[in-house]
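Reminder, nothing fancy here: chain letters follow the sequence lines and each chain counts from 1. Atom set for the values below is all heavy atoms of this structure, side chains included, hydrogens, waters and symmetry mates excluded.
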Protein chains: 2
Amino acid sequence: MSESEQVEQPALGELVEQNDLTGIRLWLAEHHPHEIADELARMDSSQAIVPFRLLDKDRELEVFEELDPPHQQEILLGLRDSAFHELIAEMDPDDRARLLGEVPAKVATRALAGLSPQARKMTAALLGYPEGSVGRYMTPETVVLHRDLSVGRALEVVRAQGHDSETIYTLPVVDDGRRLAGTVQLSDLVLLDPETSIKDTVDVLVPRVSAVSDAEEAARLMQDANLLALPVVDSEERFVGLLTIDDAVELIEAADTEDIARQSGASPLAGHYVAASVWAMARARSVWLLLLIVAATLTINVLQVFEATLEQVTALALFIPMLTGTGGNVGSQSATAVVRALAVGEVRVRDLPKVTWRESRVGLLLGCVLAVIALTVGTLLVQDLEIAAAVALSVIAICTWAAVIGGAMPLLARRVNVDPAVVSAPLVATLVDATGLLIYFTIARAILGI
Amino acid sequence: MSESEQVEQPALGELVEQNDLTGIRLWLAEHHPHEIADELARMDSSQAIVPFRLLDKDRELEVFEELDPPHQQEILLGLRDSAFHELIAEMDPDDRARLLGEVPAKVATRALAGLSPQARKMTAALLGYPEGSVGRYMTPETVVLHRDLSVGRALEVVRAQGHDSETIYTLPVVDDGRRLAGTVQLSDLVLLDPETSIKDTVDVLVPRVSAVSDAEEAARLMQDANLLALPVVDSEERFVGLLTIDDAVELIEAADTEDIARQSGASPLAGHYVAASVWAMARARSVWLLLLIVAATLTINVLQVFEATLEQVTALALFIPMLTGTGGNVGSQSATAVVRALAVGEVRVRDLPKVTWRESRVGLLLGCVLAVIALTVGTLLVQDLEIAAAVALSVIAICTWAAVIGGAMPLLARRVNVDPAVVSAPLVATLVDATGLLIYFTIARAILGI
């Protein structure tokens, strides 16, 4: 839909390259902040600053908040001091803390210097929480209600204090010690009789998380429990902030993108595909490739052991890529399924025996089906029933083995506190390659009697 | 956090197996609806119905709405007629339509028969939209405001009509012809002066989508634009419903899960990992495996062409798994990165030349680094500089080629309207296997002079 719209008119990038200021102004007026941010993210920093400077003051912040921290940083470095400080001061506290947590210390110091003492204190408090924790993503600016209020009085409090809050839809309710009792929804305050007591409408069973707990887990909890905002507490159960759904959605998307990259054996790229440098892309992918090619030398060792067999029956070599490929495919499927099931909470570490038993049966079943094809192809192509039988039996054994390895490894990784997504498809494939060759040649030697 | 909590007490599944009704009741009272739904999803239907029947009437619906349609269906089939009809009648219209769209016709007819004429009409209208379209996921039950109202009057309308709405936080604003003017936020109605005109506060630039447009795209648009609800219109721009953020988050998660499964060459499983049957799992994975093993016979053909070379220099066979493995890894990384960039909108079809050029340079760079290792390993293990040189040069050529193929194929798939995620890592790996062998033996023959 937006694809076809944009084909009709020039992209913002082209207008910037032609330095067509009138065209840029027109383009900006006709697009939403999130579309403008999308286009800026595709340009390099020297280009992106041109349209950004042409934005109205009030839209500038909206566009800026839609950008990722790396792009925000690039824009900031292109601004004059006054514009720089103004932008930082106007950001939501949680977005500001996240940005300052990622920029070089020099930029962070310059940014903090321009803030009011109160804003500086709030930002410093958020930055005090560990990276990746809920504290870094929550918003501390909320209207807090006391449990002894009536619904009507509570609505007055919201009217008086709500203007500075990031959200007023979910409202934390606390007792005298600021300990969290639960939450009420703004919809209840609007729809219920004003005389109702907050005590009688507060949801005391609402999930809550500690500020130092894992942000991704908290985001998935919000998704599971269908919450617009999740209350965050300190170690003494006192309310300290709300994690809002927009941040939760971003956390989940970032985690999924990271898992997907890891599954292909690459480190996650910290930026836009089109804007990243070729060097950065190669670096993100090289670490695992280097480890894997070293691990792959194991296959050379295995084949050297069977070199005499290969010299006797060269035809055995013909099936090596098909066998290692099939084993790798089956293992990758299992690993991908289990990594995802772990990520969304369908499988837990203690399910290891259950998962292994399942995957072994799935692998055996798949192996039997694939063996029929291997047997047919083998017989047709090499016209040697013994070799074909060795290949078919190997397919069954390798598929079963690959499914078990692929299913068990992510759980074992989680048990030793390693991100299960590190058990990537390529890692499983490489491990299955070497062991699969061992299986193949052992079976072949037995059948061929050599 | 929840992991450690649950270790201390028995899981619901164990209590059900022991038929410990008191224990089950206690467990249910202490857990949130989403936790109960999680546990039910892990059981088979004959087990899950036991704790479900023990739930209080008011929590029954909450738990039911947290379940996926396949599990909802299993629960429904275990209920008596009165309980069955009550549950269906109480569901949100969009959830009901989605469920009825997935159950067998017989169950759907039975369910529709128990509804009030108005609810039946509403459900039928939603079911009239194509599968996977926004119409299937939107909620038609909303408070609609006329643009000529004042803020104070609008709040009265919300108070009078809001009790039946799924959400009142985003309110559609329409003109005389029910054409969508934009939306207002409940927070504005609460915080602004009651005399303000809705006309002056309505956000007219808010994104909107057609009811027949793709639901996943709409969900990603909501995420990009940070919306809690997205207005949906018909072909004449008339307001027909709202897509809410909880449904959008589910759509995005489901799409990501599907993409991840496809990336490993499996069809997405329509259910919970632990609850799916071994047959269903094998079936979901078998289609691509069968295609791929047939495609892999190409590698046998290629090797047959070079069989004479192999007989002369058997040592060449030792490097086959390492070369095909490395090519597969590089190609999978490129494919995964481009599929994800397409999914989240960072790359478009017309970026094909740009992507190919990028990936070729990334592949060349990676190839050069990996070639150094291949050269070292090759020299050490086979003590033959010519073979080692052939392997190293092949690594460079194969990596470049694999990166280009992996990067270009998802874009070509999208261009011919095939889901780019079917360009799975295994598909790329298999294609690169055969072509990689061709490259390797051509280079080896040239260097060895055979």
B:Ala429 versus chain A, heavy atoms under 4.5 Å apart: side chain, backbone, both or neither?
neither

If we define contacts as heavy-atom pairs under 4.5 Å, which of A:Glu250, A:Arg283, A:Gln223, A:Lys354 has the most with chain B?
A:Gln223

Residue B:Leu155 versus chain A: region with a heavy atom under 4.5 Å
side chain

Below 4.5 Å from any heavy atom of chain A, which atoms of B:Asp38 appear? Answer side chain, backbone, both or neither.
side chain

Interface moiety of A:Leu437 toward chain B, non-hydrogen atoms closer than 4.5 Å:
side chain

Measuring heavy-atom distances to chain A, does B:Arg42 have an atom under 4.5 Å in its side chain, in its backbone, in both, or in neither?
side chain

Could you tell me which portion of B:Ser187 (side chain, backbone, both or neither) has an atom closer than 4.5 angstrom to a non-hydrogen atom of chain A?
both

If I measure from the heavy atoms of chain B, does A:Ile245 come under 4.5 Å with its side chain, its backbone, both, or neither?
side chain

Does any heavy atom of chain A fall under 4.5 Å from the side chain of B:Arg159, the backbone, both, or neither of them?
both

Checking B:Leu365 against chain A: side chain, backbone, both or neither under 4.5 Å from a heavy atom?
side chain

When the 4.5 angstrom heavy-atom criterion is applied to A:Ile168 and chain B, the contacting part is side chain

Contacting moiety of B:His32, where chain A heavy atoms sit under 4.5 Å
side chain

B:Ile373, B:Val369, B:Leu370 screened by side-chain contact (heavy atoms from CB on, under 4.5 Å) with A:Leu289, the one that passes
B:Leu370

Checking B:Leu205 against chain A: side chain, backbone, both or neither under 4.5 Å from a heavy atom?
both

Considering all heavy atoms, the nearest B:Pro426-A:Asn329 contact
CB-OD1, 3.3 Å

Between B:Ser334 and chain A, with a heavy-atom cut-off of 4.5 Å, which part of the residue counts as in contact: side chain, backbone, both or neither?
both

Relative to chain A, which segment of B:Leu366 carries a heavy atom at a distance below 4.5 Å: side chain, backbone, both, or neither?
side chain

Side chain, backbone, both or neither: which part of B:Asp224 has an atom under 4.5 Å from a heavy atom of chain A?
both

B:Val344 versus chain A, the contacting section by heavy-atom distance below 4.5 Å:
side chain

Heavy-atom contact with chain B under 4.5 Å, split by part of A:Val377
side chain

